[in-house]
Amino acid sequence: MFLPRIQKPTCVTAWLAASRAVYDLPHHESHNVVIDVEDPLAETPADRAAIDLLDHYLATFTENEFLVRTVANTIFPQALYEDHGSPEFYDVYRDHVFPRLKRSSRDWGRYFERMIAYPGPEGSTNLLRELVAKMKRHVGSGTVYRNIYELPIYNPAKDAGGSPRGGQCLSFLSFKIDRQRRLHLSAIYRNHYYTEKLLGNLIGLGNLISFVADETGLTCGPLTVLSTHAEVDKGLGLQSDLRHLHQVCAALLEPKQQPVSD
């Protein structure tokens with residue numbers, strides 16, 4: 001049994017719809033959940049209020065207390081980019097930010113670090129910079145290849161022998177350019193915790209699309225996420241706490257139409 005494809009206009013509405021759909025299944029989990037976000041940069045006042053509610057839940061009921069923006073920054077450090085610009089922010093992240101984040105020698109890294117320092121037999125490679133440069137070169141020349149821009153996160157040589165727990169859940173990114181010169185992004189997750197991680201992941205991926213689009217002269221397009229395994233986690237809270245979070249967010253994001261008065 002597969003869930004119907006979940007299609008929503010914003011990251012927040014997609015997070016809520018996917019979380020409620022998976023929560024209603026046995027054991028609050030599913031496989032191969034597909035989520036489409038029409039405009040991953042859009043954020044309404046109701047969206048921002050729902051983010052605040054989720055942040056309060058995460059701060060109250062999770063051990064690491066990672067808020068939504070913290071999770072988003074593991075994929076793309078938006079504030080760092082705004083402060084330093086490209087390409088300077090690559091070096092600032094690698095040399096100054098990441099060393100403060102890495103917990104131990106066994107820590108596999110962070111998603112953005114893996115994008116800009118992908119391990120290889122001859123040292124690390126900034127795959128994101130190479131992808132942007134190639135796409136920018138093609139777009140500038142008028143020869144737009146629409147389906148050749150891929151960015152791996154999982155590295156079999158380095159990651160396959162690691163701990164079965166605590167590794168990266170995001171495995172692969174694929175960028176596409178459509179005929180309207182919009183940039184699409186598809187992301188594959190091997191495992192996905194929808195309460196603690198999904199919304200931050202969606203926002204971070206949206207910021208990544210925006211960065212690549214801005215750097216290459218394209219328009220930011222939609223985001224698609226495939227969760228090959230999805231679980232609606234509750235952290236240290238009760239199931240009733242999680243259901244209450246979903247209900248309050250739904251009241252904000254899915255207001256019932258008022259009857260028309262005579």
Main chain of [Y], side chain of [X]: is a donor-acceptor contact present, judged purely on distance under 3.5 Å?
X: T219; Y: R182; value: no
X: R114; Y: I153; value: yes
X: T70; Y: F66; value: no
X: T216; Y: V212; value: yes
X: D241; Y: G237; value: no
X: N147; Y: I177; value: no
X: N32; Y: F2; value: no

Contact summary for A50 and L252, nearest pair of heavy atoms: N-CD1, 4.0 Å
Whether Y189 and H192 hold their rings parallel, tilted or perpendicular, with breakpoints at 30° and 60°: parallel
Salt bridge present between E231 and K197 (N-O < 4.0 angstrom): no
Aromatic contact, F76 with F89 (centres under 6.0 Å): yes
Residue among L16, L199, T13, I203 satisfying side-chain contact (heavy atoms from CB on, under 4.5 Å) with D47: T13
Verdict with reasoning, E43 to R69, per salt bridge (Lys or Arg N to Asp or Glu O under 4.0 Å): CA-CA 13 Å; E43 194 173 279; R69 298 296 176 183; 2.8 Å; yes
Residues, nucleotides or ligands: over 12 heavy atoms within 6.0 Å of H96 NE2: yes
Neighbour count >12 (heavy atoms, 6.0 Å) for atom NZ, K176: yes
Donor-acceptor side-chain pairing of K8 and T10 below 3.5 angstrom: no
